[in-house]
Colleague: 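Just dropping this structure here.
Treat the numbers as computed from the prediction; the structure is a model and nothing was measured.
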There are 2 protein chains.
Amino acid sequence: MTRSPDALRGSDLRRPLTLRDVSEASGVSEMTVSRVLRNRGDVSEATREKVLNAARNLGYVPNKIAGALASQRVNLVAVIIPSLSNMVYPEVMTGISAMLEDTGLQPVVGVTHYQPDREEAVLYEMLSWRPSGVILAGLEHSDAARAMLSNAGIPIVEIMDVDGQPVDSVVGISHRRAGLKMAEAILAAGYRRIGFLGTMMPYDHRARKRMEGLQEGLARAGIVLADQEFYSGGSALLKGREMTETILARSPDLDFLYYSNDMIGAGGLLYCLDKGIDVPGQLGLAGFNGVELLDGLPRQLATMDACRAEIGRIAAEIIAGKRPGMAGGRVIGGEQVELTPKLQPGDTIRRAG
Amino acid sequence: MTRSPDALRGSDLRRPLTLRDVSEASGVSEMTVSRVLRNRGDVSEATREKVLNAARNLGYVPNKIAGALASQRVNLVAVIIPSLSNMVYPEVMTGISAMLEDTGLQPVVGVTHYQPDREEAVLYEMLSWRPSGVILAGLEHSDAARAMLSNAGIPIVEIMDVDGQPVDSVVGISHRRAGLKMAEAILAAGYRRIGFLGTMMPYDHRARKRMEGLQEGLARAGIVLADQEFYSGGSALLKGREMTETILARSPDLDFLYYSNDMIGAGGLLYCLDKGIDVPGQLGLAGFNGVELLDGLPRQLATMDACRAEIGRIAAEIIAGKRPGMAGGRVIGGEQVELTPKLQPGDTIRRAG
DNA sequence: CCAGAATTTGTTAGCGGTAACATAGATGTG
DNA sequence: CACATCTATGTTACCGCTAACAAATTCTGG
């Protein structure tokens with residue numbers, strides 16, 4: 001209102017720039033500037049040049065807040081994951097980012113630290129920015145979170161796990177089945193006294209499901225889990241060493257250790273090598289995830305790939321409405337994609353006879 | 001305008017909820033609802049209850065886009081880092097999040113993949129959301145990025161590194177000095193034929209500065225770097241093994257290897273242990289960062305702590321305006337904080353005589 | 001019981017953009 | 001050359017919320 005035209009150029013009044021400044025500097029209407037900056041609608045080449053120059057000279061950066069409010073469109077995708085310290089999630093992020101790259105959509109990360117109430121808070125915060133979609137890890141959420149998700153009116157993709165009731169779409173693997181498959185491989189290799197080592201976190205549902213799957217698989221052969229050991233916090237590699245020592249001290253007759261993740265598995269492997277334990281002859285080992293890190297270890301740890309990048313990619317495709325076969329539709333409920341993890345036997349499980 | 005009051009309750013018209021809906025449901029003005037939801041201004045307990053109930057029942061989630069536009073305030077802090085795969089950055093994020101926790105500020109991450117043009121694009125995108133501050137890694141930016149930062153009119157904190165000209169505030173360590181200090185420790189321990197192993201990335205300025213610092217330190221004793229080896233991509237642990245094999249094959253007389261990060265250092269250490277090389281007698285090793293992972297290795301790798309969490313914490317404090325001694329001021333330029341990394345000699349460097 | 005202060009609630013006018021429609025020139029056509 | 005047809009630009013009315021101020025209500029004390 002009170003803006004004098006000359007407040008424009010020289011003066012560094014630190015008033016944030018608006019479309020109007022660019023409009024005045026280039027001598028066209030705000031609407032035309034808006035069109036140029038968004039590459040929308042017809043604008044003559046001459047005008048476009050003028051506007052772009054003015055914008056560049058002024059150092060104008062559009063205000064997406066105003067833009068989003070006016071257009072009712074936000075190019076953000078909320079991604080809610082438990083942690084960034086567990087390399088699994090950065091890898092999923094990589095898959096998501098790569099897929100979203102040329103869709104104009106932008107992922108925004110929120111971290112829950114495996115706490116349901118944090119998840120709820122993060123979700124609320126993110127929804128208040130009215131994203132175009134939500135990707136979140138796991139199928140277990142508080143009632144309030146579930147309600148927010150169903151009411152949001154945007155595509156929701158729950159990832160990592162398929163053992164449960166999704167709100168909308170879901171992309172993941174069956175951890176129960178993964179545990180079961182591992183049980184079969186272990187038994188086929190002739191191991192019989194099996195121990196499980198994992199996190200103590202009550203909300204690590206996927207690790208829990210793997211353990212349950214393992215138990216079920218063993219039960220089918222009339223075997224029960226011989227021992228188990230849990231940890232929380234600290235360096236996973238070190239914890240792996242310590243837990244392995246502990247569990248072997250307590251149950252020296254164990255002949256197989258199933259770890260809930262590769263990092264503690266790697267720690268266990270290093271411990272066994274240190275102690276001169278015959279792996280996989282005397283003792284078999286397996287982890288879970290197929291993290292890249294394992295490639296550098298002295299011996300390949302048996303593991304099962306959790307399809308992280310693939311999960312990220314597909315989840316992003318669903319949000320972007322790019323899934324083949326879903327021609328712009330997305331009317332009745334969501335899509336369900338179950339991927340199949342592959343066992344990578346490595347060198348720490350006896351070759352089955 | 002055309003909203004019938006009865007469209008409110010029963011009908012699931014999927015029209016997104018607004019303050020008005022809560023206002024109608026609770027029988028007070030929109031402004032009062034707004035006040036309740038933000039805990040601002042005086043509202044009677046009775047009204048507050050009514051409003052909160054209505055909001056809860058409807059499942060209302062405020063629209064921060066509109067709120068931010070109206071109030072000219074955004075509770076977001078842009079954090080721009082090169083990568084999430086290098087655990088250093090998630091750790092910095094942890095420090096930032098922890099500090100921001102109770103300030104009402106929310107970090108939003110952008111990743112550059114060590115590419116200046118990506119950094120520029122990410123920065124532009126983030127600034128267009130008008131965050132309250134920017135935290136970004138490194139002091140090297142494109143001219144355009146630097147211009148955007150100076151014009152943004154918000155606090156900027158460059159982190160990790162202090163060797164250069166900051167735009168505003170800076171929090172980090174001197175990587176040059178870190179390299180130099182390592183050179184001194186290496187020489188003091190009696191090593192003379194030193195090799196450097198690092199990333200090939202032309203934009204990993206901090207690794208480059210450490211190498212230059214190392215070279216300077218060696219030069220002071222009239223020694224030049226005996227050999228060097230670079231890698232890019234792949235599993236860092238595995239690359240560490242491979243590079244170590246390569247460099248030792250080429251220069252068997254090396255008596256010390258300085259790695260640009262702990263991950264490749266750990267790979268090198270595992271390789272040496274495999275091969276039965278006498279560490280640190282015949283060959284000394286050192287990495288950089290002090291990552292937690294190292295705690296689980298068979299032997300402690302010498303390293304230098306990069307103060308990641310501390311850097312994140314302080315950067316967040318500066319953005320939040322919480323630094324003691326800066327009583328609400330922040331007028332003339334920014335704050336400069338140089339932290340001092342500590343050498344952790346571990347077991348892979350001879351105890352100096 | 002009422003003036004004046006204190007507290008609670010409402011009204012108005014934007015924030016900085018964009019959708020939708022309106023208008024002015026440029027171009028073509030019989 | 002009048003009239004329909006494009007193309008390029010401008011106008012108007014919000015988007016959903018909040019700052020600033022106005023009004024209504026309740027609370028004082030004399």
Colleague: CG of L69(B) versus C1' of dT18(C): gap in Å, rounded?
Modeller: 12 Å
Colleague: For D102(A), does the CG atom have more than 12 heavy-atom neighbours from other residues, nucleotides or ligands under 6.0 Å away?
Modeller: yes
Colleague: For the side chain of D21(A) and the backbone of T18(A), is there at least one donor-acceptor N/O pair under 3.5 Å apart?
Modeller: yes
Colleague: What's the spacing between E158(B) CD and L139(B) CG if we round to 0.5 Å?
Modeller: 5.0 Å
Colleague: Is the backbone N or O of G334(A) less than 3.5 Å from a side-chain atom of D168(A), with the two atoms forming a donor-acceptor pair by type?
Modeller: yes
Colleague: To the nearest Å, give me how far apart CZ (R15(B)) and P (dC15(D)) are.
Modeller: 11 Å
Colleague: What's the CD-C1' distance between E24(B) and dG16(D), to the nearest Å?
Modeller: 14 Å
Colleague: Considering just the side-chain nitrogens and oxygens of Y60(A), establish if one lies under 4.0 Å of OP1 or OP2 belonging to dG17(C).
Modeller: yes
Colleague: May I have the distance from I65(B) (atom CD1) to dC17(D) (atom C1'), rounded to whole angstrom?
Modeller: 11 Å
Colleague: Starting at atom NZ of K64(A), determine the distance to atom C1' of dT18(C), rounded to an integer number of angstrom.
Modeller: 14 Å
Colleague: How close or far is atom C1' of dG16(C) from atom CZ of R130(B), stated in whole angstroms?
Modeller: 9 Å
Colleague: Expressed as a whole number of angstroms, how long is the span from E30(A):CD to dA13(D):C1'?
Modeller: 14 Å
Colleague: Between M31(B) and M31(A), who's closer to the 5' end of DNA chain C by nearest nucleotide?
Modeller: M31(B)
Colleague: Consider the side chain of Q72(B), meaning its heavy atoms from C-beta on, and name the nucleotide among dG10(D), dC15(C), dC15(D) that approaches it most closely.
Modeller: dC15(C)
Colleague: Tell me whether S23(B) contacts the main-chain N or O of V28(B) through its side chain, where contact means a donor paired with an acceptor under 3.5 Å.
Modeller: yes
Colleague: Among dG16(D), dG10(D), dA19(D), find the nucleotide with the atom closest to the side chain of S71(B).
Modeller: dA19(D)
Colleague: Under the side-chain contact (heavy atoms from CB on, under 4.5 Å) criterion, do V134(B) and L127(B) qualify, and how do the steps go?
Modeller: CA-CA 9 Å; V134(B) 177; L127(B) 286 181; 4.0 Å; yes
Colleague: Examine distances only and state if a side-chain atom of S169(B) and a backbone atom of E335(B) form a donor-acceptor pair shorter than 3.5 Å.
Modeller: yes
Colleague: Let me know the distance between CZ of R20(A) and P of dT11(D), rounded to the nearest Å.
Modeller: 11 Å
Colleague: Quick one: which of dT18(D), dG17(C), dA19(D) gets closest to the side chain of R73(B)?
Modeller: dA19(D)
Colleague: Please list, in numerical order, the residues of residues 32-48 of chain B that have a heavy atom closer than 4.0 Å to any atom of DNA chain C.
Modeller: T32(B), R35(B), D42(B), V43(B), S44(B), T47(B)
Colleague: Which one, dA20(C), dG17(C), dT18(D), comes nearest to the side chain of A66(A)?
Modeller: dG17(C)
